[in-house]
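See below for the structure under consideration.
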Amino acid sequence: MNFKNTKIKILDLDLKGCLYLNHLSHTQSIALFFKMISRLGDGAFWYAMLLLIWVQKGLIYGLKLIYVVLGGSIGTAIYKFLKHKTTRPRPYQVHQVIVLGERPLDHFSFPSGHTLHAVMASVVLGYIQPILLFVMLPFTVLVALSRMVLGLHYPSDVIVGALIGATVASLIILGAPFLNIML
């Protein structure tokens with residue numbers, strides 16, 4: 001099998017996954033649920049987690065929360081660069097059968113910034129306060145699903161966003177001893 005056939009099969013699977021998940025949004029209660037998850041994933045949920053850690057751990061952990069800000073800044077730079085370079089249209093823009101369930105925050109699809117930031121924040125905040133992973137991991141999965149259910153991303157956008165988020169978080173955690181010296 002050659003590269004072109006493999007690419008076509010991957011794109012076909014990507015579209016099928018997107019169509020399957022987007023079909024769930026045809027039920028109003030499901031669409032509303034995932035719209036709420038997506039909006040919370042814009043930042044409110046993560047700010048609440050930051051505040052919770054700060055309240056639980058005290059002022060000294062305020063400096064460690066800079067890890068999340070640093071990770072978020074690096075993640076934003078990466079996904080904006082990729083969106084600008086790839087200019088992949090969002091699924092609802094290309095396929096008329098896909099229902100748009102939420103207004104997009106930007107124009108392009110690849111990668112999913114919501115998923116990138118959800119994974120990055122969960123990993124970094126979980127490193128700081130592991131008990132919160134019981135809340136953050138399910139929420140992160142729901143954020144990733146919401147992006148596809150709402151017709152904003154293909155599964156590959158979400159997978160790559162998650163991989164970038166995990167990579168950025170890993171680098172932040174690996175650099176934490178060095179960052180502690182600096183802080």
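Model, not experiment: these values are computed from the prediction.
With hydrogens and angles ignored, the 3.5 Å screen pairs a side-chain donor or acceptor of Asn22 with a backbone N or O of Val149. The main-chain N or O of Phe110 is never found under 3.5 Å from a side-chain atom of Lys83 such that the two would form a donor-acceptor pair. A donor-acceptor pair under 3.5 Å links the side-chain atoms of Ser146 to the main chain of Val143, judged by distance alone. Although no hydrogens or angles enter the test, the distance criterion places no donor-acceptor pair under 3.5 Å between the side chain of His153 and the main chain of Met148.
Side-chain N/O atoms of Ser156 and Asp14 include a donor and acceptor closer than 3.5 Å. A donor-acceptor pair shorter than 3.5 Å cannot be found between the side chains of His114 and Tyr79.
Every residue two or more places apart in sequence or in another chain that forms a side chain to side chain contact (heavy atoms under 4.5 Å, CB included) with Ala162 is listed here: Thr115, Val119.
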Show, in sequence, the C-alpha distance, side-chain angles and deciding distance for Leu100 and Leu152, and conclude whether the side chain to side chain contact (heavy atoms under 4.5 Å, CB included) test is met.
CA-CA 7 Å; Leu100 176 62; Leu152 295 164; 3.5 Å; yes
Might you work through the side-chain hydrogen bond (donor to acceptor under 3.5 Å, both in side chains) test for His107 and Thr87, ending with a clear yes or no?
CA-CA 8 Å; His107 188 68; Thr87 64; over 6 Å; no
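The shortest non-hydrogen separation linking Tyr154 to Pro91 is OH-CA, 3.5 Å.
In this pair, Phe139 and Trp46 present their aromatic rings perpendicular. The plane angle is above 60°, beyond the 30 to 60° band.
Residue Asp106 is tested with Lys80, Arg90, Arg88 for a salt bridge (charged side-chain N to carboxylate O under 4.0 Å, His left out); the sole match is Arg90.
Taking the charged nitrogens against the carboxylate oxygens, Arg147 and Glu102 have no contact shorter than 4.0 Å, which rules out a salt bridge.
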